[in-house]
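The figures here come from the full heavy-atom set of this structure, side chains too, leaving out hydrogens, waters and symmetry mates. Chain A is the first sequence line, chain B the second, and so forth, proteins listed ahead of strands; every chain is numbered from 1.
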Number of protein chains: 2
Amino acid sequence: MANTNLMPSADTRKSTITDDKLFEIIELLFFAYRDFVSDPDEILTRYQFGRAHHRVLHFVSRNPGLRISELLDILKITKQSLGRVLRQLIEDGFVEQREGSTDRRQRLLFLTDAGSDLALRLAEPQLRRIAGALETAGPGNAALARDFLYSLVNDEEHAKVKAIIEK
Amino acid sequence: MANTNLMPSADTRKSTITDDKLFEIIELLFFAYRDFVSDPDEILTRYQFGRAHHRVLHFVSRNPGLRISELLDILKITKQSLGRVLRQLIEDGFVEQREGSTDRRQRLLFLTDAGSDLALRLAEPQLRRIAGALETAGPGNAALARDFLYSLVNDEEHAKVKAIIEK
DNA sequence: AAAATATGTCAATACTACTGACGTATTATT
DNA sequence: AATAATACGTCAGTAGTATTGACATATTTT
């Protein structure tokens with residue numbers, strides 16, 4: 001399998017941007033994400049929690065009454081993976097489940113007061129980091145950053161993502 | 001621990017951007033990264049590899065002759081974690097180690113032809129995704145996206161990251 | 001009554017990561 | 001030449017996240 005020619009050279013791809021510039025952004029996405037999650041990670045270890053717990057706390061915090069199936073679709077993990085994480089959060093008193101009022105099969109998710117507090121403490125360094133980055137990049141660039149990130153998301157997820165982030 | 005007041009409200013933080021807009025970007029970073037790594041992940045499973053293998057292939061591909069210690073500093077993982085991943089990549093013929101010419105303690109890392117091929121195949125969907133996002137966002141925004149991501153990186157890492165991405 | 005939905009749970013497995021310690025080869029310092 | 005520092009490898013033990021595939025229950029829809 002010498003050269004399968006899976007990557008056309010820059011001039012055969014209709015793009016004005018060089019591959020070197022694209023590689024820069026690939027690497028910056030790695031570095032940015034690495035540091036972006038490092039602050040919450042540090043807090044989470046004190047609770048014996050990991051990133052999965054953070055994600056649940058975040059999305060339930062932003063969407064009280066979220067259903068299990070919706071959370072699974074957001075996180076793109078399996079029921080089993082979510083199950084253990086959710087059980088720990090409930091046992092430790094950060095998350096509550098309530099029966100759906102119209103559909104009693106549903107287990108709607110809510111944060112307790114302790115859960116809300118923790119979610120805020122986890123969000124705080126990330127909010128600070130992003131606010132700082134947007135100030136460095138200059139005002140008015142929040143929309144550009146948002147549009148760029150949004151375009152990175154799979155097309156078929158766009159509608160769902162839009163519905164989730166716009167509160 | 002009712003309200004520890006760890007998050008000042010928007011008006012006490014000197015920022016023109018509302019928290020809601022910042023939360024949008026927090027969530028978009030999650031969704032963008034989730035989908036950004038999904039294509040390579042799918043390829044990697046065929047080799048029984050994971051994301052850590054991808055990262056090694058990527059950074060060695062971009063920096064032939066990289067030292068173990070440099071790679072550890074980039075990935076921010078421990079020697080032990082890197083050790084197993086590297087051993088698998090070497091056993092499977094994707095990575096080679098060579099003694100440093102001036103310092104024989106060093107194990108300089110290089111990709112084999114198979115390793116280069118795999119690195120390219122893994123990079124290809126990510127290059128495409130980013131090129132597409134930058135075209136959607138409009139030309140000239142590559143620099144803005146790059147600056148925004150760069151600002152998200154820890155300040156004390158800026159010099160190192162700059163040196164790595166600018167090839 | 002049957003089918004579909006929402007959720008929970010089991011066992012087995014694997015990837016990534018950690019801490020802490022110890023060992024070896026090589027180079028730099030005194 | 002002896003000592004210290006560096007670069008790397010490796011051991012054991014543990015933990016968090018994730019998977020597949022199967023099976024079970026309660027509830028709602030058809």
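For a distance-only test at 3.5 Å, the side chain of B:Gln106 fails to qualify as a donor-acceptor partner of the base of C:dT26. If you check distances only, the side chain of A:Gln80 does reach the base of D:dG21 with a donor-acceptor pair under 3.5 Å.
B:Gln97 comes within 4.0 angstrom of the backbone, heavy atoms only, and of no base. Looking at heavy-atom distances under 4.0 Å, A:Ser69 makes contact with sugar-phosphate atoms alone, never a base. When heavy atoms are screened at a 4.0 angstrom cut-off, B:Arg84 is found touching base atoms of the nucleic acid. Here A:Thr102 lies in heavy-atom contact (under 4.0 Å) with sugar-phosphate atoms only. Backbone-only engagement by A:Gly50 is indicated by non-hydrogen atom pairs under 4.0 Å involving sugar-phosphate atoms exclusively.
Taking atom CD of residue A:Gln88 and atom P of nucleotide C:dT9, one finds them 13 Å apart after rounding to whole Å. Taking atom CG of residue A:Leu108 and atom C1' of nucleotide C:dT5, one finds them 15 Å apart after rounding to whole Å. For the pair B:Arg67 CZ and D:dC8 P, the computed distance is 6 Å after rounding to whole Å. The distance between atom CZ of B:Arg105 and atom P of D:dC8, rounded to the nearest whole Å, is 8 Å. Nucleotide D:dA15 holds its C1' atom 14 Å from the CZ atom of A:Phe49, rounded to whole Å. In this structure, B:Leu71 atom CG and D:dG9 atom C1' are separated by 15 Å, rounded to whole Å. The interatomic distance linking A:Leu66 (CG) with C:dA6 (P) rounds to 13 Å, in whole Å. Computed from coordinates, the B:Gln48 CD to C:dT16 P distance equals 11 Å when rounded to whole Å.
For D:dT19, one of the phosphate oxygens OP1 or OP2 lies less than 4.0 angstrom from a side-chain nitrogen or oxygen of A:Thr78. Residue B:Arg55 places at least one side-chain N or O under 4.0 Å from the OP1 or OP2 atom of C:dA17. The side chain of A:Arg107 contributes no N or O atom lying less than 4.0 Å from OP1 or OP2 of C:dT7. Close to D:dT17, at under 4.0 Å from its OP1 or OP2, lies no side-chain N or O of A:Ser81.
Two residues, A:Ser101 and A:Ala52, neighbour DNA chain D, and the one matched to the more 5' nucleotide by heavy-atom proximity is A:Ala52. Taking for each of B:Gly83 and A:Leu75 the nucleotide of DNA chain D with the nearest heavy atom, the 5'-most of the two is the partner of B:Gly83.
For the pair A:Arg55 and B:Phe30, the cation-pi criterion (under 6.0 Å, within 45° of the ring axis) is not fulfilled.
Under the 30°/60° scheme for interplanar angles, the aromatic rings of A:His54 and A:His58 are found to stand perpendicular. The aromatic rings of B:Phe59 and A:Phe31 are tilted relative to each other, their planes meeting at an angle between 30° and 60°.
Between A:Arg128 and A:Glu124 there is a salt bridge, with a side-chain nitrogen of the basic residue lying less than 4.0 Å from a carboxylate oxygen of the acidic one. Ion pairing between a basic and an acidic side chain is recognised when a charged N comes within 4.0 Å of a carboxylate O; B:Arg105 and B:Glu99 show no such pairing.
With C:dT26, C:dG8, D:dG9 as the candidates, the nucleotide lying closest to the side chain of A:Lys79 is C:dG8. Picking from D:dT10, D:dA18, D:dG16 the nucleotide with the shortest atom distance to the side chain of A:Ile77 gives D:dA18.
The closest side-chain donor-acceptor pair between B:Arg34 and A:Asn154, if any, does not fall under 3.5 angstrom.
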